[in-house]
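Working notes, beginning with the structure itself.
The shown structure was predicted, so the numbers you read here are calculated from the model rather than taken from an experiment.
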Amino acid sequence: MAEQPAAISEAESRVMEVLWQHAPQTSEEIVSVLAEPTGWHEKTIRTLLNRLLRKGAISARKEGRRYLYSPQLRREDWQHQESRSLLDRVFGGKVAPFLAHFSQHEKLTAKDVAELRKLIEAIDNKEH
């Protein structure tokens with residue numbers, strides 16, 4: 001089994017989202033996408049890039065005088081890690097209490113309910 005990547009902070013995940021949408025990118029390109037909506041300074045974004053490099057979540061390839069950054073951590077792997085961590089920490093690893101809590105505290109649309117029914121049917125059919 002592959003080694004589990006280091007945890008990605010919420011701020012680091014914002015950088016990852018930029019790279020998952022389009023890669024490779026230079027630090028200048030990443031800064032131009034993130035600076036205004038987050039209010040972060042260029043130095044903050046470069047610090048986040050360096051943290052992600054140390055964690056192995058991204059790679060950097062030198063091209064001339066600049067580096068091109070690309071994700072090494074797949075979005076799907078990160079989503080799995082984060083959702084598993086949430087279920088384990090908050091709901092004892094159980095999906096049903098999570099869904100019950102969510103349905104009691106959030107408005108589910110008819111489309112949401114229909115998608116959940118289809119998912120449950122698919123799981124049920126897979127088990128039989």
Side-chain angles (χ1 to χ4, degrees):
M1 186 172 195
E3 181 181 319
Q4 193 165 18
I8 303 298
S9 72
E10 185 175 341
E12 291 165 345
S13 73
R14 299 282 301 264
V15 175
M16 292 300 297
E17 284 295 336
V18 171
L19 289 170
W20 284 324
Q21 290 175 17
H22 177 74
Q25 290 193 57
T26 65
S27 61
E28 292 82 11
E29 292 169 323
I30 297 166
V31 167
S32 72
V33 171
L34 287 173
E36 185 178 328
T38 63
W40 296 339
H41 295 288
E42 179 179 343
K43 186 175 180 179
T44 300
I45 297 168
R46 290 182 189 275
T47 297
L48 293 169
L49 285 168
N50 284 326
R51 285 184 193 166
L52 289 166
L53 278 168
R54 283 194 305 274
K55 291 178 178 185
I58 64 173
S59 63
R61 183 181 82 238
K62 191 164 177 82
E63 184 180 90
R65 297 181 63 186
R66 62 187 188 164
Y67 286 92
L68 293 174
Y69 296 91
S70 296
Q72 296 301 298
L73 175 62
R74 292 182 359 190
R75 176 186 269 136
E76 297 79 15
D77 294 337
W78 174 74
Q79 288 172 328
H80 176 76
Q81 177 183 345
E82 288 295 306
S83 60
R84 181 81 262 160
S85 174
L86 173 69
L87 281 176
D88 290 345
R89 284 182 293 112
V90 181
F91 297 97
K94 308 255 186 246
V95 174
F98 166 74
L99 289 174
H101 175 81
F102 191 82
S103 69
Q104 291 169 0
H105 298 283
E106 300 294 328
K107 182 167 174 44
L108 296 176
T109 65
K111 183 179 177 185
D112 291 332
V113 173
E115 288 178 11
L116 285 170
R117 281 193 179 112
K118 283 173 63 175
L119 179 60
I120 290 168
E121 280 181 32
I123 292 168
D124 197 33
N125 289 338
K126 187 178 176 182
E127 290 180 359
H128 292 104

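In this structure, Arg117 has no salt bridge (Lys or Arg N to Asp or Glu O under 4.0 Å) partners at least two apart in sequence or on a different chain. Applying the salt bridge (Lys or Arg N to Asp or Glu O under 4.0 Å) test to Glu29 and every residue at least two apart in sequence or in another chain returns nothing. In terms of the side chain to side chain contact (heavy atoms under 4.5 Å, CB included) criterion, His80 has no residue partners (sequence neighbours excluded). With sequence neighbours left out, the side chain to side chain contact (heavy atoms under 4.5 Å, CB included) criterion links Arg65 to no other residue. Shown here are the side chain to side chain contact (heavy atoms under 4.5 Å, CB included) partners of Lys118, two or more places apart in sequence or in another chain: there are none. Asp88 meets the side-chain hydrogen bond (donor to acceptor under 3.5 Å, both in side chains) test with Arg84; sequence neighbours excluded. In this view, Glu17 and Arg75 satisfy the salt bridge (Lys or Arg N to Asp or Glu O under 4.0 Å) rule, not counting sequence neighbours. Every residue meeting the salt bridge (Lys or Arg N to Asp or Glu O under 4.0 Å) condition with Arg74, not counting sequence neighbours, appears here in chain and number order: Glu76, Asp77. Qualifying side-chain hydrogen bond (donor to acceptor under 3.5 Å, both in side chains) partners for Ser13, counting only residues two or more places apart in sequence or in other chains: none.
A distance of 5.0 Å separates OG1 of Thr38 from CD1 of Ile45, quoted to the nearest 0.5 Å. Residue Glu63 holds its CD atom at 9.5 Å from OG1 of Thr26, rounded to the nearest 0.5 Å. Note that CG of Leu68 and CD1 of Ile30 are 9.0 Å apart. Values are rounded to the nearest 0.5 Å. Between the OH atom of Tyr69 and the CG atom of Leu52 there is a distance of 10.5 Å, given to the nearest 0.5 Å. Put simply, CD on Glu121 and CG on Leu119 are 10.0 Å apart, with the number rounded to the nearest 0.5 Å.
Annotation for Ile120: hydrophobic cluster partners, listed by chain and number, are none (ILVMFWY side-chain heavy atoms under 4.5 Å, direct or chained).
Applying the ring pair (Phe, Tyr, Trp, His ring centres under 6.0 Å) test to every pair with at least one member in residues 10-65, sequence neighbours left out, gives these pairs: Trp20-Trp78.
Under the 3.5 Å distance criterion, the side-chain polar atoms of Thr47 are matched with a main-chain donor or acceptor of Lys43.
The two residues Ser27 and Arg46 come nearest to each other via the heavy atoms OG-NH1, 2.6 Å. When all heavy atoms of Gln72 and Ser59 are compared, the closest pair comes out as NE2-OG, 2.9 Å. Contact between Ile58 and Leu49 at its shortest, heavy atoms only, is CD1-O, 3.5 Å. Across all non-hydrogen atoms, the minimal contact from Pro71 to Met16 is CB-CE, 4.0 Å.
Under a hydrophobic clustering in which Ile, Leu, Val, Met, Phe, Trp and Tyr are joined whenever their side-chain heavy atoms come within less than 4.5 Å, directly or via other members, Ile8 and Leu86 fall into different clusters. Both Leu53 and Leu73 are part of a single hydrophobic cluster, where members link through side-chain heavy atoms under 4.5 Å apart.
Other residues, nucleotides and ligands place more than 12 heavy atoms under 6.0 Å from the CZ atom of Phe91.
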Please table the atom pairs, donor to acceptor, closer than 3.5 Å between any side-chain atom in residues 109-116 and protein atoms at least two apart or in another chain.
{"residue": "Thr109", "atom": "OG1", "partner": "Lys111", "partner atom": "N", "Å": "3.4"}
{"residue": "Thr109", "atom": "OG1", "partner": "Asp112", "partner atom": "N", "Å": "3.0"}
{"residue": "Thr109", "atom": "OG1", "partner": "Asp112", "partner atom": "OD2", "Å": "3.1"}
{"residue": "Asp112", "atom": "OD2", "partner": "Thr109", "partner atom": "N", "Å": "3.0"}

Stepwise salt bridge (Lys or Arg N to Asp or Glu O under 4.0 Å) test for Lys55 and Glu12: CA-CA 11 Å; Lys55 291 178 178 185; Glu12 291 165 345; 2.7 Å; yes
